[in-house]
Structure formats: C-alpha cells, structure tokens
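Notes follow once the structure below has been shown.
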Amino acid sequence: MSEEKSLNFIEEIIEKDIENNVHNGWVQTRFPPEPNGYLHIGHSKSICLNFGLAKKYYGKCNLRFDDTNPEKEEVEYVESIKEDIQWLGFQWDNEFYASDYFDKLYDFAVTLIKKGLAYVEDASSEEMAKLKGTPTAPGSDSPCRSRNVEENLDLFTRMKNGEYADGTRVLRAKIDMAHDNMIMRDPVIYRIKHTEHHRTGNAWCIYPMYDFAHGQSDSIEEITHSICTLEFIPHRDLYNWCIEKLEIFPSRQYEFARLNMSYTLMSKRKLLTLVNEKFVEGWDDPRMPTISGFRRRGYTPESIREFCDKIGVAKRDNMIDTSLLDFCLRDHLNQIALRRMAVLDPIKLVITNYPAHITEEFLEAENNPEDIEAGYRSLPFGNELWIERTDFMEDAPKKYFRLGPGLQVRLKSAYIVECHDFKKDEAGQITEVHCRYFPESKSGHDTSGIKVKGTIHWVSCAHAKDAEIRLYDRLFTVENPAASEEELKDILNPDSLHIIPNAKIEPALLNASRTDKFQFLRLGYFCLDKNSVVDKLIFNRTVGLKDSWAKENKQ
RNA sequence: UGCCUGAUGGUGUAAAGGUAGCACAGCAGUUUUUGGUACUGUUAGUCUUGGUUCGAAUCCAGGUCGGGUAACCA
C-alpha cells in the first residue's frame, strides 16, 4: 500500500466531474499553441498537464494550433512544435488547427448577428478605445451598435468578400458597454486582414480573434476541460458567453499559474528577439530555454517530465529555482550516462618508473557504476598522461585530495601514483608533473595496501584525441529577466558560452553518437552537438556535476 | 482606480476543522577507485487583525501585500 499522491486542483475538478457523471465521465483536453515561435520549458508544463490528464483519466488530448493570426504564424513553427511534443514523449489523438474551423466560425458569427448579438463597427481602433471607457467609467455605445440585422449581415458578407481594407471595419459582439470586465465591452470578434495564411492561403481576408476562435474550437472538439494560464481568467466570461449564446458544447475553462524559472525568460516575443538579433545561435541554441535548446544541450525528456511533475500545478504565481531542473536532470543522467574521461585544461603527468618496454597497456573501465549491464570498456594507459591542471598544486592545503609534491592519488581505473617532481615554465605555469606509480596497485587487483584520499581522471597522451568542448552558463545575469527594466542585451551573461577548442578525450569517445549521454568523470554530463563531425568533435556540457570541493574552496 | 486572482520555511508544493508534511536548496556527517552517486541527521514556514469553535493554515469579516486585466495579439 503506497500513500496516494495528493491531487492538484484541476485533478480535483476532474474527479468531481467524473463522480457527477459530467459528459458521462469523459475527459478531453487539448494543447493549443500558436505557431508563432518555438516551444519553451514553460510550455512543457502545459503539455505534461494536458497530455498527462488525458492519459490519467483515459481520455484524449488533441494538438490544436491556434492559428488565427496569419501575420505571425509560420509552417516552420508548426513543424518544430510537433517535433518537440513528440520528443517530450507525448502523442496527440488528433492534429487540428483553428483554421480548420474558419467556415464554422464564420457561421457562428452569422448566427450571432442574426440573434442581434453582433454588429459591424466602422470606427477605427482608436475611436473604439475612446468609447470603451475606463475601468472606473462605463463605456458608451457606438453609433454602429444600433444597426439592424440585415445591414450587419450585408456588411459582414462584404467584409468577407474583401470589399474593405484592413482596419476599416470589425465585427463586434454586442454585450455590455458598461460591463465591469473590460473584455465584455463589445469585444472585437472578427477583423479584416488581407494576409495569406499558412494553411488557408488566400481563402479568407477576415480572421476571428482569439476569443471567438479558442472557445468555439474547444467546443467543436468537445473539449471537456480547457486548461490555460492565469492571464486568461478575464476571458472566461466571454468564453462562457459565446458558448451560451451559440448553444454549443459547454467546454469549461480552468486556469493555472504558468511556470516561471529563475534566470530564465519565457516570453516567446523576447526569445524571438534573442534569435533575430543574433544574441544566440538560433531557437535551439543550447542556452535557450526552448525545448529544442534543451534537447540540443543534452537534457532528456524524462528529466523534463519529472521536473514538471515535481513543480506541481496551482494558481499562485511561482518562481522555480533552476536547481530543481538541474536536480531532475542529474538524477536521470546519473542513471544512464556512459562514464568517459576527458581533460579540459591539460598538463602532462609523466610516470618516471613506468617500464620502458611497455608501449601500451589496456585497462578495463566500467561504463556506468550505477548500471552493471552497461559493461566495461578498454582504456589505454601509458607513461605519459594528460591530467587536469586543477588536479595539481605546488602548495596544497590540508584538505586537498589531489596531486602535489609528495602526494598520492589514484588514477581512475588505473594505478596509484606519487608525485616526486614537477616542472614550471618562465611564467610559473606548471608544465609537467612527475610521478612514480605502484605496479601492484592496479585497479581491481590492488595488493599494495596503499590508501589514498583522492582519485583523478586522465587520458593517455599517446591515445588522446582532440575535441571542442562547449561550456554553458546561465544566459541572464538577473534572477527575473522578464521583470527587468534593462534592455535584453544588458542583462545577458557575457560568459554564457565558454569554448574549449582542444580538450583531450579518451579514444572510446570517437564512436559517440548523437543520442549518447556521457558523464565525463568529475566534470559533468556531456553530449555530442548537432554540428559535430568526425574530423571535429564537439561536445556540449549539459550540466556540471555537483561540486562540493568548489563550494568548500570558495570559503 | 474598477474588476478578477492569490498569499504555508530561501524555492516549490501538501494537509478538505484535529500532530504543519514532502521535494529542491542550505548545513553537518557516513560510505565511496568520480570531492559524483547512495545513505543519515539537521536548520527553517501558515501575511495581519478580529470573529466562529473544545480545536483554525483551513470557515467568516476587515486590512496588508503580490499578480493579472483595460490589443483589429494569443
């Protein structure tokens, strides 16, 4: 018997509905992106919620593109969105487009006109704004509000037929110019745009507004629970008004708080700016909070799903610490990543007592201590090795468990060595570390009885290959970039990308494939970048390992 | 300013009138051929003022603070 996980407020609503046999207990959700940009980590919360709910309650979840504004929407975005959702591990039951419903939506508008609930407005948007009133003062009726049904029908038909220029007329719902909710003061529901649409081409020159498309689309698809973010709360009145007046399937809208994450930007508009102004390489730049950026960076869908599960669903504004995503990422990567060795900032370690007649020695090294099934690899060893510059100190402090004059360490999967000498250049930089090794301390066959505090990673000089390694840091310097008054470029972290052109990697990495996840021992998790080629391998650091030494060292 | 929302450790999120719990982060320790992992312990919280009640994070009233909204965007 395991403790039942508590329900979030949406699950509570759904379970109550099922209990009350609403729609015979059927649950249908949808994920409704506008194809005007790439999906980001905030969308994954919505994706996990909508698809997750459908799965949990044996219902269905549609993918529906909210493509009612042809000026901003493109096929490229449609394709990327589909790829991202599938990569995250979800499959929609139907692929729909709001533009599929343009005929029906037009008919709905006509219905409203016939009921005397919509009218054609001649005023410009500025004039309309003036008549709209303010939150404290009621609006006033436009002269067009009293047009009769026939005239409205005629005018709307002409709008549709392309007789009017953009911006000259709109169709408005006739609700209440004094309503407390400004959105209900005769909202625009159709506007003229002589713009080619990515799916319907030039078939239409009038397009429905969000408020006249989204809810009706939900209704057409018989979405039972239409889940959106908090900023749509004021729209719920209109959502329900349309359903009531049109007498169509009563979808219900529920709102949850969108994901905010520290040092991360979730605005599609601002992310587009980063792309357009070339602050990043593209939508899938590994520093971007887009799903495609995370994918390229080496994140796993499992870790993102786990993250979405952990952050929960509620109505209060939140700011999730990036460390939670890091935790989910490391947790998964630790289980699956193949262990390899790479040296980012190499200095040479010479084993002075290594037998001259041995030209090459192969050791057996585990691929993943968390997963015995992952097996072992053959690891070449020799008398000259690359080790990390930070793993040697001339004057080591007490708690330094690495190399220094007279100090001993184990070379991972190999032997214990003791430093007896080192060389420096004129600048005082260490160039070589000289050690003696203990042949009887061989990994797995250690009979030396020597105990060492530290183990370091290494790569055999004779067998090492070069690779470019890209280290990433947060893109922004401020915790809440969305709230910053500064310009985007002024809050960008200048050190968000650090390229190491010639790191030394062990030869097993030559066979790396794009889908492999690696842990470079003691450094972090890495994956091949999409631009990596055989002649020039490029690895992205997905995330570093927790580093309690770095923390202690700081103090 | 109207309307709508919300308020629990540093950050998230539970507790549906009955012991404020879990996770991340932090701190301390154990184990370790990764200063990783694993494991153990630990710091820290109900916005405020009243009321109802044997009993309030929870119900009621007032206040305070936060967020949303006032596009021919979604």
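Chain A is the first sequence line, chain B the second, and so forth, proteins listed ahead of strands; every chain is numbered from 1. Keep in mind that this is a model prediction, so the values were computed, not measured.
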Centroid-to-centroid, [X] to [Y], below 6.0 Å?
{"X": "A:Tyr239", "Y": "A:Phe232", "result": "no"}
{"X": "A:Phe539", "Y": "A:Phe526", "result": "no"}
{"X": "A:Phe401", "Y": "A:Trp549", "result": "no"}

Give a yes or no on whether a donor-acceptor pair under 3.5 Å exists between the nucleobase atoms of [N], that is its base, and the side chain of [X].
{"X": "A:Arg522", "N": "B:U34", "value": "no"}
{"X": "A:Glu370", "N": "B:G36", "value": "yes"}
{"X": "A:His235", "N": "B:A74", "value": "yes"}
{"X": "A:Ser413", "N": "B:U33", "value": "no"}
{"X": "A:Arg330", "N": "B:U37", "value": "no"}
{"X": "A:Gln335", "N": "B:U37", "value": "no"}

Across all strands shown, which nucleotide pairs with [N] by Watson-Crick or G-U wobble geometry, both distances under 3.5 Å?
{"N": "B:U19", "answer": "none"}
{"N": "B:C72", "answer": "none"}
{"N": "B:G66", "answer": "B:U5"}
{"N": "B:A57", "answer": "none"}
{"N": "B:A28", "answer": "B:U40"}

Task: A:Lys56 atom NZ: more than 12 heavy-atom contacts under 6.0 Å - done: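 Yes - once you tally the heavy atoms of other residues, nucleotides and ligands closer than 6.0 Å, there are more than 12.
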
Of the candidate nucleotides [options], which contains the atom at the shortest distance from the side chain of [X]?
{"X": "A:Lys546", "options": "B:G6, B:G36, B:A70", "answer": "B:G36"}
{"X": "A:Pro135", "options": "B:A70, B:A74, B:G35", "answer": "B:A70"}
{"X": "A:Asn69", "options": "B:C73, B:G2, B:U34", "answer": "B:C73"}
{"X": "A:Lys16", "options": "B:A16, B:C72, B:A70", "answer": "B:A16"}
{"X": "A:Asn334", "options": "B:A14, B:A74, B:G36", "answer": "B:G36"}
{"X": "A:Met182", "options": "B:A14, B:G36, B:A70", "answer": "B:A70"}
{"X": "A:Leu521", "options": "B:U34, B:A70, B:C24", "answer": "B:U34"}
{"X": "A:Phe327", "options": "B:C72, B:C24, B:G35", "answer": "B:C24"}
{"X": "A:Glu231", "options": "B:U37, B:G6, B:G68", "answer": "B:G68"}
{"X": "A:Thr136", "options": "B:U13, B:U1, B:C73", "answer": "B:U1"}

- [ ] Report the residue from A:Arg172, A:Lys174, A:Arg191 that forms a salt bridge (Lys or Arg N to Asp or Glu O under 4.0 Å) with A:Glu121.
- [x]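 Testing each of A:Arg172, A:Lys174, A:Arg191 against A:Glu121, the sole residue satisfying salt bridge (Lys or Arg N to Asp or Glu O under 4.0 Å) is A:Arg172.
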
Rounded distance in Å - [atom1] ([X]) to [atom2] ([N]):
{"X": "A:Phe212", "N": "B:C72", "atom1": "CZ", "atom2": "P", "answer": "17 Å"}
{"X": "A:Asn318", "N": "B:A25", "atom1": "CG", "atom2": "C1'", "answer": "16 Å"}
{"X": "A:Asn367", "N": "B:U33", "atom1": "CG", "atom2": "C1'", "answer": "16 Å"}
{"X": "A:Asp211", "N": "B:A74", "atom1": "CG", "atom2": "C1'", "answer": "9 Å"}
{"X": "A:Leu230", "N": "B:A7", "atom1": "CG", "atom2": "P", "answer": "11 Å"}
{"X": "A:Phe526", "N": "B:G36", "atom1": "CZ", "atom2": "P", "answer": "17 Å"}
{"X": "A:Ile183", "N": "B:A74", "atom1": "CD1", "atom2": "C1'", "answer": "12 Å"}
{"X": "A:Met319", "N": "B:U13", "atom1": "CE", "atom2": "C1'", "answer": "17 Å"}

Assign [X] to base, sugar-phosphate, or nothing according to its heavy-atom contacts below 4.0 angstrom with the strands shown.
{"X": "A:Tyr190", "result": "nothing"}
{"X": "A:Tyr400", "result": "base"}
{"X": "A:Thr68", "result": "sugar-phosphate"}
{"X": "A:Ser125", "result": "base"}

Open item on the list: Check A:Arg64 with A:Asp218, please: is the shortest side-chain N to carboxylate O separation under 4.0 Å?
Closed with: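 Yes, charged N to carboxylate O under 4.0 Å.
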
Open item on the list: Taking the nucleotide of RNA chain B with the nearest heavy atom to each, does A:Arg316 or A:Arg339 sit closer to the 5' end?
Closed with: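 Closest to the 5' end, via its nearest nucleotide, is A:Arg316.
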
TODO: Identify, between A:Glu71 and A:Leu545, the residue whose nearest nucleotide on RNA chain B lies closer to the 5' end.
DONE: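 Taking each residue's closest nucleotide, the earlier one in sequence belongs to A:Leu545.
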
TODO: Answer yes or no for A:Arg199 and A:Tyr97: cation-pi contact, defined as NZ/CZ to six-membered ring centre under 6.0 Å and angle to ring axis within 45°.
DONE: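 Yes, a cation-pi geometry.
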
Open item on the list: Tell me whether A:Tyr210 and B:A74 count as stacked here, given that the ring centres must be under 5.5 Å apart and the planes must differ by less than 30 degrees.
Closed with: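 No, aromatic ring not over the base.
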
Task: Under 3.5 Å donor-acceptor, A:Thr290 side chain and A:Trp283 backbone - done: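 Side chain of A:Thr290 to backbone of A:Trp283: a pair is present.
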
